[in-house]
S.K.: 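First the structure, then my questions, so here it is.
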Amino acid sequence: MACRYLSHRGTSGSATTTECWPSFRELLWDLVRRIPAGKVSTYGALAEAMGDRGAARAVGAELSGNPTPPDPPCHRVVYADGGIGWYGGRGRGAEEKERLLRSEGVEVSQGRVDLSRHLFSDFRCRPFLTEMREEQDAVASAVTNGGAEPALVSAMDVSYRGDEAFAARVDFLLDSGEETGHRLHRRRVDLPYIPGYLSYREGPALLPLMEDDGRLHLVDGHGLLHPRRAGIACHLGVRGHRCAGAAKSLLCGVLSDESVLVDGEERGRMTGGYYVSVGSNVTLDQACEALERLLDIGIDPCRRAHRLASDFKRSS
DNA sequence: GCGACAG
DNA sequence: ATCTTGTCGC
């Protein structure tokens, strides 16, 4: 199956990521512990060991939360140019980081480590981010357009507190705009936000809320308007649900009139302040018309879902 | 130097 | 996304 990360366990209906993918956090700290004293690595190198250099910022964000420094030796992780970087977060502690490195035999001059002498790069690690990209290619090829005109629309969003996700879905009748109900779901997440991998962070929290009764699900994020045509709306859509993405900003593509083009191809459309793109089982026209219809009668379903998820978190 | 990326 | 103070507009 193309979506291991969303696979169900038995008949319980629960879907987890941990069954299929390693934990970003655990894997990262394992890697950091392998850097010997006297050596350093870089944020990008650690990200690359896990399969994508683009996750370098997520690596830095996780390392900045080291609860017991200097035990997992996050001070041995520096910038790609040898710059010392921060220690303890928010621009603080470069001196302490430099002192620790010097005490371990790392030469620091002009505020920089000579990476040609001190770079450790003997990481052997499952490149799971690469595997996720490969899965995204399979997801993209499974996307389908079309279906009957939707009469029901549900908007979905997720709010966070630490590694806990609070997901919400709000339902509307398309013709009257009447709000007919909502569903909530709370769960732990174990992947940080990494551009291009949003579906692996938020998908597991949203999937249990989806319903295969012909309704169109509008998800906060992109569908085909993604570097590998596999945004979160596609991941959820290829599970058999009708799904489109509605995002507030672009991940890729250029705006040309109302269309968003990638390599000259229309992958999405800007309407009502949202970038809309197909997830699966719906056409771009249908998704845009549904959103426009609700906006026209004064209802912003995405904002409603955002507030519901936010309220759900606050009251939990 | 430029560009900088859903949530 | 979240954090957090201040500020603007209805």
Side-chain angles (χ1 to χ4, degrees), chain A residues 5 17 24-25 43-44 47 51-62 64-65 79-81 86 88-92 129 132-133 136 139-140 143 155-169 185-207 209 217-237 243-255 260 262 267-271 273-279 287 291 298 302-303 305-314 316:
Chain A
Y5 87 110
T17 256
F24 178 95
R25 175 182 291 129
Y43 300 99
D52 190 344
R53 234 185 158 78
R57 283 173 186 75
V59 166
E62 174 63 27
S64 74
Y79 292 157
D81 65 358
W86 301 345
R90 282 191 284 262
R92 300 197 318 263
L129 292 172
M132 286 176 171
R133 288 197 306 282
Q136 289 179 329
V139 165
V143 167
M156 315 180 76
D157 196 13
V158 185
S159 192
Y160 293 91
R161 183 164 58 219
D163 60 358
E164 277 212 292
F166 299 82
R169 161 186 142 189
H185 179 66
R186 176 182 181 171
R187 83 179 297 123
R188 294 192 100 69
V189 297
D190 51 17
L191 189 75
Y193 170 71
I194 303 167
Y197 300 82
L198 179 65
S199 34
Y200 295 94
R201 175 170 171 77
E202 291 195 357
L206 290 174
L207 185 65
L209 294 179
H217 301 82
L218 286 176
V219 177
D220 195 4
H222 292 297
L224 288 174
L225 201 38
H226 176 279
R228 293 172 290 282
R229 335 172 53 102
I232 185 167
C234 298
H235 277 259
L236 296 168
C243 200
K248 294 176 280 300
S249 64
L250 287 176
L251 177 59
C252 64
V254 293
L255 194 60
V260 185
V262 179
R267 295 264 203 99
R269 209 170 289 155
M270 157 71 107
T271 184
Y274 290 95
Y275 297 102
V276 177
S277 59
V278 167
L291 177 58
C302 304
R303 181 167 295 181
H306 184 87
R307 287 194 51 181
L308 182 59
S310 180
D311 291 346
F312 175 33
K313 177 183 69 172
R314 278 189 49 221
S316 295

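So you know, we letter chains A, B, ... as the sequences are listed, proteins then strands, and number each from 1.
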S.K.: Measuring centre to centre across the rings, with the benzene-like ring taken for any Trp, is Phe166(A) within less than 6.0 Å of His185(A)?
M.R.: no

S.K.: Rounded to the nearest angstrom, tell me the gap between atom CG in Leu218(A) and atom P in dA6(B).
M.R.: 19 Å

S.K.: Would you give the length of the straight line joining atom NE2 of His222(A) to atom OG of Ser277(A), rounded to the nearest 0.5 angstrom?
M.R.: 6.5 Å

S.K.: Does Arg303(A), at its CZ atom, have more than 12 non-hydrogen atoms belonging to other residues, nucleotides or ligands within less than 6.0 Å?
M.R.: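 Counting neighbours around CZ of Arg303(A), 12 or fewer heavy atoms of other residues, nucleotides or ligands fall under 6.0 Å, so no.
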
S.K.: Got a second to check how far Ile232(A)'s CD1 is from Arg201(A)'s CZ, nearest 0.5 Å?
M.R.: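 Atom-to-atom, Ile232(A):CD1 and Arg201(A):CZ are 10.5 Å apart.
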
S.K.: When you get a sec, tell me which of dA6(B), dG7(B), dA4(B) is the closest nucleotide to the side chain of Pro195(A)?
M.R.: dA6(B)

S.K.: Using a heavy-atom cut-off of 4.0 Å across all strands, would you classify Gly162(A) as base, sugar-phosphate, or nothing?
M.R.: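 No contact at all - Gly162(A) keeps every heavy atom at 4.0 Å or more from the nucleic acid.
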
S.K.: Reckon Lys313(A) has a side-chain N or O less than 4.0 Å from the OP1 or OP2 of dA1(C)?
M.R.: no

S.K.: Is there a donor in the side chain of Tyr160(A) and an acceptor in the side chain of Glu202(A), or the other way round, less than 3.5 Å apart?
M.R.: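 Yes, a side-chain donor-acceptor pair sits under 3.5 Å.
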
S.K.: What integer distance in Å separates Arg161(A):CZ from dT2(C):C1'?
M.R.: 12 Å

S.K.: Report the distance from atom CG of Asp157(A) to atom P of dA6(B), rounded to the nearest whole Å.
M.R.: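 Taking CG of Asp157(A) and P of dA6(B), I get 14 Å after rounding.
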
S.K.: Taking CD from Glu202(A) and P from dT2(C), how many angstroms apart are they, rounded to a whole number?
M.R.: 10 Å

S.K.: What's the CG-C1' distance between Asp52(A) and dC5(B), to the nearest Å?
M.R.: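 Rounded to whole Å, this separation is 11 Å.
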
S.K.: Return the nearest nucleotide to the side chain of Asp220(A); candidates are dA6(B), dA4(B), dG7(B).
M.R.: dG7(B)

S.K.: Which whole-number value in Å describes the distance from His226(A) NE2 to dA6(B) P?
M.R.: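 The distance from NE2 of His226(A) to P of dA6(B) comes to 11 Å, rounded to the nearest Å.
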
S.K.: Residues in side-chain contact (heavy atoms from CB on, under 4.5 Å) with Ala246(A), at least two apart?
M.R.: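 Scan of Ala246(A) (side-chain contact (heavy atoms from CB on, under 4.5 Å), adjacent residues dropped) gives Tyr274(A), Cys302(A).
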
S.K.: Please determine if Arg169(A) forms a cation-pi arrangement with Phe312(A), meaning its NZ or CZ atom is less than 6.0 Å from the six-membered ring centre and no more than 45° off the ring axis.
M.R.: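 Not satisfied by the 6.0 Å and 45° rule.
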
S.K.: Which listed nucleotide (dG7(B), dA6(B), dT2(C)) is nearest to the side chain of Ser159(A)?
M.R.: dT2(C)

S.K.: So Tyr79(A) and Tyr43(A), would you call those rings parallel, tilted or perpendicular, with 30° and 60° as cut-offs?
M.R.: tilted

S.K.: So Phe166(A), base contact, sugar-phosphate only, or nothing? Heavy-atom distance under 4.0 Å.
M.R.: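 It contacts nothing in the nucleic acid.
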
S.K.: Check the phosphate of dA6(B) against Lys248(A), side-chain N and O only, distance under 4.0 Å to OP1 or OP2. Yes or no?
M.R.: no

S.K.: What nucleic acid atoms does Tyr160(A) come within less than 4.0 Å of, heavy atoms only: base, sugar-phosphate, or nothing?
M.R.: sugar-phosphate

S.K.: How would you label the contact of Leu250(A) with the nucleic acid (heavy atoms, under 4.0 Å): base, sugar-phosphate, or nothing?
M.R.: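 It contacts sugar-phosphate atoms only.
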
S.K.: Do the side-chain N or O atoms of Tyr275(A) get closer than 4.0 angstrom to the phosphate oxygens (OP1, OP2) of dA6(B)?
M.R.: no

S.K.: dA1(C) phosphate, OP1 or OP2: any side-chain N/O from His306(A) under 4.0 angstrom?
M.R.: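 His306(A) to dA1(C) OP1/OP2: side-chain N or O found under 4.0 Å.
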
S.K.: Rounded to the nearest Å, what distance is computed from the CG atom of residue Leu224(A) to the P atom of nucleotide dA6(B)?
M.R.: 18 Å

S.K.: Any chance you could encode DNA chain C as dot-bracket? Rule is Watson-Crick or G-U wobble with both distances under 3.5 Å; [ ] for pairs crossing earlier ones, | for another strand.
M.R.: ..........

S.K.: Expressed in angstrom and rounded to an integer, what is the separation of Leu191(A) atom CG from dA6(B) atom C1'?
M.R.: 14 Å

S.K.: Considering every strand and a 4.0 Å limit on heavy-atom distances, what is the contact class for Arg57(A): base, sugar-phosphate, or nothing?
M.R.: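 The answer is base, as Arg57(A) lies within the cut-off (heavy atoms under 4.0 Å) of a base atom.
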
